[in-house]
Each structure stands twice: as structure tokens, then as C-alpha cells.
Amino acid sequence: MKIDRMRVFMTRDKDRPRVIVALDTDDGLTGWGECYNHGPDKALPPLLDYLYGFLSGQDPTRVDYLVNLLIQQSRFPPGALGLAAISALDHCLWDLAAKAANVPVYKLLGGEVRDRIKVYAGVYTAPDAPAARDEFDRLKEGWGFTAFKLSPWRIDMHSNRWGNVVKASADYFRSLRETVNDEYEIAFDAHAKIFEPIAARQLGNALAPYDPLFFEEPLRPENIEAWGDLKQGLNCTLATGESLYNKNEFLRLLQVKGADLIQPDICVVGGISEMRRIATLAEAFFVGVAPHNPMGPLATAVNVHFSAAAQNFRILEYRLPKGQAYVYGGLDIEKREGETRYVVDPYLPKDGYLELRPDRPGWGVEMDEKAMEEEGYIHWQRRVPKRPDGSYAFA
């Protein structure tokens, strides 16, 4: 069995662009993978074309051998776009290797250590407590969710005194706890918008009395040592890692004791190969893994197999493939809806978990090439806010 073709699809996941990759073999198998969309998505196809030159004619079951080649052939460590492309190719190789063996991918990773994968619903805004209660209850009734992630921002952090911003967030979480079902777990994603560690600590400690599931990524990722400073004196679970690229960066984060929970993205770090190494490092530091997963249903399928085989997996971020579009921030429940069609049979929650598919080889999903071509590419770019003085703030 040899790799003899690559196909790249520029398509969409509701209102977001997606780059989906297929690797075909000479005996008729196809492996599928998904790139992370850092922003300049149209830069990915030429990168993929270049990288494919190292895979053409190769045996796809030599996954680690080939992924190591893709990483090592670069003189300097690959960055965001390079690793997004390598991630998708890594997914394709694992899918092909498992299909060749006629087993689910998690069987090649040592087998499942759990029977199902706990997920939380990304709500991402900060709706008033009654609206949040109604949304949580709707998601609980339909899919069994008992864990949710919101934005902590109730007033503009740039045009209000910081103490008032913190108080508004604390008052909001208190009102949520007084309004919603007590069994619900609630996480808050600050979206790397805070510059000073002391300000991030103030916000986290204001939320802490109301028992957040975790406090996610309040700071930018560049100064990893600052995360160690932040966690000292922080009274709630600190989660981060979606913006880190490889095991070396995660090792530094763990060494400075900068997180209680890490959130690597399987479409960012180089695929499931690097993700497993990162998880093993975290396990040695008694740190759990809650994968970052705001992507499409193919990325969710890949995450299911990683999570099934990872001892220190905790919970997976999840977006329903049909329903609300993706939005971060604001005070309203997102009303725009859409449907992601490129996966025919996506993993859907039951009682708040994703069930494994032991009778399905590879990722366990069927791809719809016609849907990818019909939906086509949609442009999206991050909105960068401005402060009252006219300077740009963190997106």
C-alpha cells in the first residue's frame, strides 16, 4: 500500500472556513484530516502541496516515521501554518493505518481506556442568567450536556475601570449559580485578552468562590513563565494551551507550574502523534488534558480517538454540527444557525458523552466530498478591537 494522491478541499463549517485534506492510496483507501484555521487559510494548500512531496509513494502505516520527516525537514521548527498542515496530514496517516488494519484509530493507540468521551458545550457569550439557564436546559434536554463554557465579559474591559469589570464578572457568575441547575459545570474563557498577570489573577479569584470548571487562557501565550506567576495565588483551576505549538512549549508550561489543565489543539500541534506526547508529559506532572476543539466534526472525530486512549483526558470542547453559528463575546445567545455537511455521520452527544464506534475503522465517520464542493469556501477573519485611545487590543 502506497500513498499516490492528495486532495485538498476549501470548504466551510457553518460560517467558518475549513481546509480538509484527503490522502489516497494505490489500493483504494482514503484517509482524512482537518487543518486549523489560524486565519490565512489560502496559504495552506501550497504548504500541503510542498509537504505532500515527502509522502508520495510512502507506506502510510509508518505514521511516526513520516510525521517526524515532515517536522524535521524544516530547518527551523514549523510554526502555526506549517503545523496546521502537518496536523491534517498526520490525521490522514492515522486514518489510513487504522483502515488498513480494519480497526478504529484508538486501537492503534493502545486501545480505549474509557468507554465514552465527556463533552462540554461551547456557548461562548455571557447571556443574562435566565437566558443562560434556558440555553443550558435546552442543551441538557436535547443532548445531555451538564458542562458549558461562557465568556466572563459582561462590560467592556477597555472602557470601564478594571475593578468594575472584575465585579461585573463576579456578580454575573454568582447570579448564574443562583439561577441555573446546581449540577451544571461552568467554565469561563477569557480569550487571552488580559495583558497583566495580576489583572488575570484578580479576575480568576473573583470567579473562584462560585466554583468554575476552569478559568481559560486569560493571558497571551508568549511569556510562559508569566503563567507560573499567575497560577501562584490563583484559587481556581487554570487552563491553557490552545496557542502552544509543540511538546517543548508544553514542557516549559508544565515546568513552571503554569496550568492545572492543558488544552492542546489536535489541529494545531502536529496531529494526534504530537498530542499523545504532550499528554504523556502532562501525565507525569499530574495535569489533565481538556482538548481545545472549536473546529468541525472531523476534528471532533480525531479528538474522540485521542481522548479514548489518553489516561489523563478530562473533558472535550464540543460544537454541534447543526445549529448555532460560532461567536465569541457579547451578552446574547447566538441566533444565527447553520449546518456542517462534510461529515455525513458526525459524533453526536448522548447523555453528555460521545460514544465510541468499535465497529467502524479509522475515525469512524463518512465524508461527503460533494457537500464540500457545494458548500465552498467562506472568508473569515478575526475582529481586532480598539481601546478608547485608538490602540489595538488583543483579539
Could you go through Leu29 and Met1, starting from their C-alpha distance and side-chain angles, then the distance that decides it, and tell me whether this counts as side-chain contact (heavy atoms from CB on, under 4.5 Å)? CA-CA 9 Å; Leu29 294 180; Met1 179 172 62; 3.7 Å; yes

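- Using a 4.5 Å heavy-atom cutoff, the side chains of Pro152 and Phe173 are not in contact.
- Side-chain contact between Asp332 and Val327: absent, with no pair of heavy atoms (C-beta onward) separated by less than 4.5 Å.
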Give the intermediate values and the outcome of side-chain contact (heavy atoms from CB on, under 4.5 Å) for residues Ile266 and Asn293. CA-CA 8 Å; Ile266 214 157; Asn293 180 44; 5.9 Å; no

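- Taking the salt bridge (Lys or Arg N to Asp or Glu O under 4.0 Å) definition, one finds that Glu249 meets it with nothing, sequence neighbours left out.
- Applying the salt bridge (Lys or Arg N to Asp or Glu O under 4.0 Å) criterion to Lys149, with sequence neighbours excluded, gives Asp189, Glu216, Glu317.
- Following chains of ILVMFWY side-chain contacts shorter than 4.5 Å, one can reach Leu55 starting from Ile86, so the two form part of one hydrophobic cluster.
- Listed by chain and number, the residues in a side chain to side chain donor-acceptor pair (under 3.5 Å) with Arg114 amount to none (sequence neighbours excluded).
- More than 12 heavy atoms of other residues, nucleotides or ligands sit less than 6.0 Å from atom CG of Leu69.
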Derivation of the side-chain contact (heavy atoms from CB on, under 4.5 Å) call for Leu244 and Val269: CA-CA 7 Å; Leu244 301 181; Val269 298; over 6 Å; no

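- Using a 4.0 Å cut-off between charged side-chain N and carboxylate O, Arg138 and Glu135 make a salt bridge.
- In this structure, the side chains of Leu150 and Phe136 come closer than 4.5 Å at one or more pairs of heavy atoms.
- The existence of a salt bridge linking Arg12 and Asp41 is excluded, since no basic side-chain nitrogen approaches an acidic carboxylate oxygen closer than 4.0 Å.
- In this structure, Lys386 satisfies the cation-pi test against Tyr392, with its NZ or CZ atom closer than 6.0 Å to the six-membered ring centre and inside 45 degrees of the ring normal.
- Counting heavy atoms from C-beta outward, Tyr326 and Lys14 have side chains that stay 4.5 Å or more apart.
- The cluster map of Ile, Leu, Val, Met, Phe, Trp and Tyr, joined by side-chain heavy atoms under 4.5 Å apart, puts Val8 and Trp380 in different clusters.
- Using a 4.5 Å heavy-atom threshold, the side chains of Glu225 and Arg252 count as touching.
- Heavy atoms of other residues, nucleotides or ligands lying less than 6.0 angstrom from CG of Asp182 number 12 at most.
- For the 3.5 Å distance criterion, the side chains of Tyr347 and Trp363 fail to qualify, holding no donor opposite an acceptor.
- Residue pairs meeting the salt bridge (Lys or Arg N to Asp or Glu O under 4.0 Å) criterion with at least one member in residues 80-93, sequence neighbours excluded, do not occur.
- In this pair, Tyr50 and Phe54 present their aromatic rings perpendicular. The plane angle is above 60°, beyond the 30 to 60° band.
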Report, one line per pair, each donor and acceptor closer than 3.5 Å where one atom sits in a side chain of residues 231-241; sequence neighbours left out.
{"from": "Lys231", "atom 1": "NZ", "to": "Asp260", "atom 2": "OD1", "distance (Å)": "3.1"}
{"from": "Gln232", "atom 1": "NE2", "to": "Gly228", "atom 2": "O", "distance (Å)": "3.4"}

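- Checked against a 6.0 Å centroid threshold, the rings of Trp94 and Phe306 do not count as neighbours.
- No path of Ile, Leu, Val, Met, Phe, Trp and Tyr side chains, each step under 4.5 Å between heavy atoms, connects Leu281 with Val113, placing them in separate hydrophobic clusters.
- The closest side-chain heavy-atom distance from Tyr353 to Asp115 is not below 4.5 Å.
- Using modelled atom types, one side-chain atom of Arg319 and one backbone atom of Pro294 make a donor-acceptor pair closer than 3.5 Å.
- Following chains of ILVMFWY side-chain contacts shorter than 4.5 Å, one can reach Tyr245 starting from Tyr36, so the two form part of one hydrophobic cluster.
- Contact of the Leu203 side chain with the Trp153 side chain is registered, since non-hydrogen atoms from C-beta on lie closer than 4.5 Å.
- Of the listed residues (Phe188, Trp143, Phe214, Tyr184), just one forms a ring pair (Phe, Tyr, Trp, His ring centres under 6.0 Å) with Tyr120, and that residue is Phe214.
- Salt bridge Arg154/Asp171: absent, no basic N to carboxylate O contact under 4.0 Å.
- Shown here is Glu222, whose CD atom has more than 12 heavy atoms of other residues, nucleotides or ligands within 6.0 Å.
- Residue pairs meeting the salt bridge (Lys or Arg N to Asp or Glu O under 4.0 Å) criterion with at least one partner in residues 17-31, sequence neighbours excluded, are Arg5-Asp24, Arg7-Asp24, Asp13-Arg18, Arg18-Glu34.
- A cation-pi arrangement is absent between Arg177 and Tyr210 under the rule of less than 6.0 angstrom and at most 45 degrees off the ring axis.
- The one candidate from His91, Met367, Met10 that meets the side-chain contact (heavy atoms from CB on, under 4.5 Å) condition with Ile20 is Met367.
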Report the C-alpha separation of Asn312 and Val287 in whole Å, then their side-chain angles, then the decisive distance to 0.1 Å, and conclude whether the side-chain contact (heavy atoms from CB on, under 4.5 Å) test is met. CA-CA 7 Å; Asn312 54 335; Val287 169; 5.8 Å; no

